[in-house]
A.B. asks: 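This is the structure I want to talk about, given as structure tokens.
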Amino acid sequence: MHLWLDTAKIEEIREIASWGVLEGVTTNPSLMARAGTADRESVTRMIDEIVGGPVSAEVISTDAPGMVEEARKILTWSPHVVVKIPTTAEGLKAMKEISSWPNGRVNATLVFSPNQALLAAKAGATYVSIFIGRIDDVGQDGMEVVRVTAEIFDLHEIPAQIVAASIRHPRHVVESALAGAHIATIPYAVMKKMIGHPLTDVGVRRFLEDWKKVAGS
Ligand code: G3P
């Protein structure tokens, strides 16, 4: 399972990229707002320079012609850019058109059911982003949507890749991997929690203390 970062904050991307395990980034209008910028193009270009892998940039149009027009521009921003399209009926029309272009990579976003995932895949999306946390928030089982979608894609040899999105805690990452997600897009704070463990810190300290006993300070 590939690990992407779900943020538009350049400093967060630089830090996690320095670990050497970052394979992509996803942004959306809310994440852009949290990063305090409306300049999607510059941010996308900067992210691509740091990561050198898929960077999702989302359209803000809600009608198919508007989405398609935006996608034409977005796809010129950087070599690895992926156009994020909401999974609505208008979105499907736009996905179908954009994915017919030679460089037309689409990330179908705001997917909340296996049926939406199936439709987005049929419309040519390269990635389908299932919003686990938001599904859990309304009392349903986000991971079950990932599991069922993975089974359907596997059974019918559908090439679209499942992105586990709206991840809220480290368990979501582990469960996404077990449920068959191809990618998890992870918030910065969750990524930090994934590496931190108190027993690792205690272990490192003890090793150093013991080493000093025999080797001197
Ligand atoms: O990638 C989707 C993500 O940004 C949505 O997360 O926490 O706003 O549901 P959240």
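First listed ligand is number 1; within each ligand, the first listed atom is number 1.
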A.B. asks: Look up atom CD in Q116 and atom OG1 in T149, then write down how far apart they are to the nearest 0.5 Å.
C.D. replies: 9.5 Å

A.B. asks: In Å, rounded to the nearest 0.5 Å, how long is the span from CD1 of I60 to CE of M67?
C.D. replies: 11.0 Å

A.B. asks: Determine whether a donor-acceptor pair (N or O, by modelled atom type, separation under 3.5 Å) exists between the side chain of D6 and the backbone of T185.
C.D. replies: no

A.B. asks: Collect the protein residues that have a non-hydrogen atom under 4.0 Å from ligand 1 and hand them over in chain and number order.
C.D. replies: D6, N28, L31, F131, R134, A165, S166, R168, T185

A.B. asks: To the nearest 0.5 angstrom, please state how far the OG1 atom of T87 sits from the CG atom of L118.
C.D. replies: 12.0 Å

A.B. asks: Looking at E58, is its backbone amide N or carbonyl O close enough to the side chain of R40 to form a donor-acceptor pair, meaning the two atoms are under 3.5 Å apart?
C.D. replies: yes

A.B. asks: Less than 4.5 Å apart, side chain to side chain, heavy atoms only: is that true for M191 and W19?
C.D. replies: yes

